[in-house]
Amino acid sequence: MDLGIAGRRAIVCAASKGLGYAVAEHLAAAGVHLTINARNEATLQDAADRLAICYGVDINFVAADITTREGRRAVMEVEPAPDILINNAGGPPPGNWADWDEGDWLAAINANMLTPIMMMKSLLPGMIGRKWGRVVNITSAAVKSPIPDLGLSNAARCGLTGFVAGTARQVARHGVIINNLLPGPHETDRLRGRMKREATQRDITVAQAAEAVAKSIPAGHVGRPSDFGATAAFLCSEHAGFMVAQNVLLDGGAFNSTM
Ligand code: NAP
């Protein structure tokens with residue numbers, strides 16, 4: 001399917017690997033020029049080189065912490081007028097509600113709620129002025145079905161979801177479409193880290209921990225980043241113009257509900 005976005009420009013935050021990279025790759029395949037970001041410059045440059053060689057689109061890269069004001073400014077200096085914004089950042093650490101102090105809460109809220117909100121606040125006016133825009137926020141299946149030891153993530157991402165629910169409906173009439181994409185377990189470094197922790201806690205092998213997760217998912221396997229990237233690219237496409245403020249769950253059917 002032609003996504004109808006060749007020649008458009010996108011910022012993809014937190015995109016040197018994992019889900020962010022997969023989204024960047026599918027946008028590049030659709031002919032979108034990219035500014036990608038992550039903190040580690042060497043890994044980011046590798047990712048940018050791969051994308052430029054494979055897809056022949058313009059690729060800028062900005063090594064910066066997107067959860068800081070300076071990092072966001074650096075990214076938007078390089079690409080001040082994107083048509084497409086993918087909000088993403090690392091997730092908060094696991095733990096227990098009784099141990100998290102105010103600093104832990106502020107860090108989680110900053111990374112997973114305020115950062116995407118500040119990116120939207122800066123970039124939505126330009127999209128509205130140009131009468132076209134797409135924003136996809138990478139959140140988590142935990143927004144619908146909380147993961148107990150990820151309470152910081154459950155809460156911060158629900159805050160972002162509330163903001164999007166109202167704001168998306170205010171900007172849609174200007175051709176600016178905002179949606180959230182909610183990953184369940186996907187095969188990335190973050191999930192591999194979680195599997196290692198679980199294996200240690202339950203005194204099983206990493207392979208056994210991974211098998212248990214896969215078995216708990218109706219699709220029978222964890223998510224493939226490439227499928228995630230393709231879905232995100234569709235949400236950024238010309239065809240998604242009537243799809244407003246949705247929370248699209250990609251979890252292989254793990255969340256059990258009729259609707
Ligand atoms: P990942 O494989 O660990 O990749 C994270 C990417 O984000 C890397 O490119 C990393 O590069 C970059 N990054 C992290 N913190 C950043 C920051 N402060 N500023 C700029 N770049 C940053 O993680 P992932 O699995 O793709 O997860 C992406 C998001 O989806 C996370 O918020 C995660 O919690 C959420 N999620 C993932 C899953 C899953 O199963 N994979 C499920 C639910 C939710 P640098 O380290 O170099 O900055």
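Just so you know, ligand 1 is whichever comes first in the structure, and atom 1 is the first atom listed for that ligand.
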Discussion item. Is atom 5 (C) of ligand 1 near the protein, in the sense that some protein heavy atom lies at less than 4.0 Å from it?
Written reply: no
Looking only at protein heavy atoms, which one is nearest to [atom], and how far off is it?
| atom | answer |
| --- | --- |
| atom 22 (C) of ligand 1 | Ala14 CB, 3.7 Å |
| atom 18 (N) of ligand 1 | Asp65 OD1, 2.8 Å |
| atom 36 (N) of ligand 1 | Pro183 CG, 3.8 Å |
| atom 10 (C) of ligand 1 | Ser16 OG, 4.1 Å |
| atom 24 (P) of ligand 1 | Thr188 OG1, 3.7 Å |
| atom 31 (C) of ligand 1 | Ala89 O, 3.1 Å |
| atom 38 (C) of ligand 1 | Gly184 O, 4.0 Å |

Separation of [Y] [atom2] from [X] [atom1] (nearest 0.5 Å):
| X | Y | atom1 | atom2 | value |
| --- | --- | --- | --- | --- |
| Thr115 | Asn110 | OG1 | CG | 4.5 Å |
| Arg190 | Lys17 | CZ | NZ | 11.0 Å |
| Asn137 | Asn112 | CG | CG | 11.0 Å |

Fill in: Close-contact set for ligand 1 against Thr139 heavy atoms, below 4.0 Å
35 (C), 44 (C)
Could you tell me whether ligand 1 has any atom less than 4.0 Å away from a heavy atom of [X]?
| X | value |
| --- | --- |
| Met195 | no |
| Thr43 | no |
| Ala63 | no |

Discussion item. Tell me if a side-chain donor or acceptor on Asn179 pairs with a main-chain N or O of Ala245 at a distance below 3.5 Å.
Written reply: yes
